[in-house]
Each structure stands twice: as structure tokens, then as C-alpha cells.
Amino acid sequence: MKFWEGIKKVFSFLTKALNWVEMNFLIFFTSFIGIFIMIEIILRIFNVQGSRWIEELSRMMLVTTTLVGSSVAIKAKGHVGMTALINILPSKFANAVEILSNLICGAAFLYISYYAVIWTINVHAVKRMMDSVSVPMWPFWAIISFAFITTGVRFLLEIVKNIRNMKAGVYKEADLKEM
């Protein structure tokens with residue numbers, strides 16, 4: 001029993017650390033890019049040539065923050081979903097449908113992450129740099145690969161929650177959040 005309790009503590013610590021890293025990554029880089037894009041807009045108002053690197057970095061940061069955000073949204077059940085079918089089903093069937101959809105999504109993200117990791121290794125091997133500045137591309141691809149992996153794993157962890165709900169005979173749908 002102590003072994004499993006130790007595993008649970010390590011898993012809990014790693015989950016909290018991952019949540020902290022993801023949220024701070026999203027906050028910092030979204031703020032960083034937002035500020036630089038506003039500066040770029042102000043410079044263009046005064047017909048001052050902006051920097052090319054901010055546009056390229058913004059594109060890369062949009063992709064990375066979107067994928068990291070998708071991982072966070074799974075944990076928070078923040079993804080948009082069509083629940084009309086699930087809501088009319090009995091709770092055991094609703095959980096079964098959700099388990100199936102989470103399994104498909106988790107498997108797809110883990111499958112894509114395999115190729116994203118290979119792509120990242122190849123980008124690193126050829127020393128690919130951003131076009132506008134001498135910044136390597138592989139760190140962005142490493143974050144993207146990691147986001148695919150965490151998204152896939154979080155979909156699979158949702159299956160565990162659904163199985164618990166299925167055993168309890170309840171279906172817990174996501175709380176709708178104010179937009």
C-alpha cells in the first residue's frame with residue numbers, strides 16, 4: 001500500500017508542476033507576444049518599419065500556445081462539444097460514448113506526437129533556424145511535441161474519470177462557463 005501511496009504523491013506532484021508550467025507558459029508568452037504586437041501596430045501607425053522577427057515569432061507562439069492551451073482545456077473540460085446526444089442517453093451509455101471519444105482523441109494525439117517528436121529531432125539535426133533571426137526552430141517544435149503528448153495523455157486520463165463515473169452510475173458533464 002505504501003508503494004501506491006508514494007506513486008500517487010509523485011503523480012500528484014508532477015501533475016501540479018505540469019499545470020503550473022503550462023499556465024505560466026501561456027500567461028507569459030501570450031502577454032509577451034501581445035505587447036510586441038501592440039508596439040508593432042503603433043510603429044506602423046507612424047510609418048516606422050517594424051521588425052520581421054516579431055511576425056515570425058508570433059506565428060510560432062500562436063501555434064505553441066494553442067497546443068499547450070488545448071492540453072489545459074482538456075483538464076478543465078473547456079473544449080466545445082456537442083452534448084445533445086450524450087445528454088439524452090442514460091448515464092452508463094453517456095460515459096461509454098465519452099470514453100470512446102476520449103480514446104479516439106487520445107490515440108490520435110499520441111500518434112501525432114510520435115511524428116512530431118521525429119520532426120523535432122530532424123529539425124534539430126539540420127539546425128533549422130528562423131528566417132528572420134538566428135533562433136533555432138527545434139525548441140518550438142519540442143514544445144509542440146510535448147503539448148501533443150500531454151494532450152493525448154490528458155484525454156486518456158479523462159477515461160479514468162469516466163470509468164469512475166460509470167461505476168458510480170452518474171454522468172458528470174462539464175459546467176458551462178460564462179464567456
Side-chain angles (χ1 to χ4, degrees), residues 1-33 60-124 138-179:
M1 238 13 194
K2 287 185 179 184
F3 175 74
W4 287 112
E5 289 175 16
I7 295 290
K8 285 181 183 180
K9 285 182 181 179
V10 169
F11 185 75
S12 175
F13 172 78
L14 291 175
T15 302
K16 288 177 183 174
L18 175 64
N19 292 340
W20 185 86
V21 168
E22 285 177 332
M23 289 308 295
N24 285 298
F25 176 86
L26 291 172
I27 291 166
F28 176 75
F29 283 107
T30 303
S31 301
F32 175 78
I33 292 302
M60 291 305 296
M61 290 313 300
L62 175 68
V63 172
T64 55
T65 55
T66 299
L67 290 170
V68 170
S70 73
S71 176
V72 171
I74 290 166
K75 184 177 183 299
K77 287 199 169 259
H79 283 284
V80 175
M82 253 326 266
T83 60
L85 171 67
I86 292 175
N87 289 342
I88 62 171
L89 293 173
S91 62
K92 285 194 179 197
F93 291 119
N95 282 311
V97 169
E98 195 157 331
I99 287 170
L100 180 63
S101 77
N102 286 334
L103 181 64
I104 291 169
C105 291
F109 270 96
L110 292 175
Y111 179 78
I112 292 168
S113 70
Y114 170 76
Y115 289 102
V117 169
I118 291 173
W119 177 259
T120 303
I121 292 168
N122 290 336
V123 167
H124 183 268
W138 71 266
F140 294 104
W141 285 103
I143 294 168
I144 291 168
S145 300
F146 185 72
F148 276 129
I149 292 167
T150 58
T151 303
V153 169
R154 284 203 167 144
F155 269 118
L156 297 180
L157 290 174
E158 285 297 310
I159 293 173
V160 174
K161 291 179 187 175
N162 290 120
I163 290 171
R164 286 183 188 148
N165 291 340
M166 193 179 229
K167 286 181 180 178
V170 296
Y171 174 72
K172 294 182 181 175
E173 67 180 66
D175 295 327
L176 297 176
K177 296 173 178 70
E178 295 284 327
M179 294 285 179

Q. Given Val123 and Trp119, is the side chain to side chain contact (heavy atoms under 4.5 Å, CB included) satisfied, shown in steps?
A. CA-CA 6 Å; Val123 167; Trp119 177 259; 3.3 Å; yes
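- Thr30 OG1 to Leu62 CG: the interatomic distance, rounded to the nearest 0.5 Å, is 9.0 Å.
- Checked by atom type and distance alone, the side chain of Ser70 pairs as donor or acceptor with a backbone atom of Leu67 at under 3.5 Å.
- Taking Ile104 as the reference, Leu100 meet the side chain to side chain contact (heavy atoms under 4.5 Å, CB included) condition, with sequence neighbours excluded.
- By the side chain to side chain contact (heavy atoms under 4.5 Å, CB included) test, Phe13 pairs with no residue at all, sequence neighbours left out.
- Panel note: side chain Ser71, backbone Ala147; no donor-acceptor pair is recorded below 3.5 Å.
- Shown here for Ser145 and Thr120, the closest heavy-atom pair between the two residues is OG-OG1, 2.9 Å.
- Residues satisfying the side chain to side chain contact (heavy atoms under 4.5 Å, CB included) test with Leu14, not counting sequence neighbours, are Val10.
- Between Leu18 and Arg154, some side-chain heavy-atom pair lies under the 4.5 Å cut-off.
- Not a single side-chain hydrogen bond (donor to acceptor under 3.5 Å, both in side chains) links Asn122 to another residue, sequence neighbours left out.
- Remark: Thr64 engages Phe25, Met61, Phe140, Ile143, Ile144 in a side chain to side chain contact (heavy atoms under 4.5 Å, CB included) (not counting sequence neighbours).
- To the nearest 0.5 Å, atom CD1 of residue Ile33 and atom CZ of residue Phe28 are 9.0 Å apart.
- Taking 4.5 Å as the limit, every side-chain heavy atom of Glu5 sits out of range of all side-chain heavy atoms of Lys8.
- Two residues are said to be in side-chain contact when any heavy atoms from C-beta on lie closer than 4.5 Å; Leu103 and Leu156 meet this criterion.
- The minimum heavy-atom distance between Phe29 and Thr65, with the atom names listed, is CB-CG2, 4.2 Å.
- Cys105 contributes atom SG, which lies 11.0 Å from atom CG of Leu110 (distance to the nearest 0.5 angstrom).
- With sequence neighbours left out, Phe155 forms a ring pair (Phe, Tyr, Trp, His ring centres under 6.0 Å) with Phe109.
- Taken to the nearest 0.5 Å, the CZ atom of Phe11 stands 12.0 Å off from the CH2 atom of Trp4.
- A distance of 8.0 Å separates OG1 in Thr150 from CD1 in Ile74, rounded to the nearest 0.5 Å.
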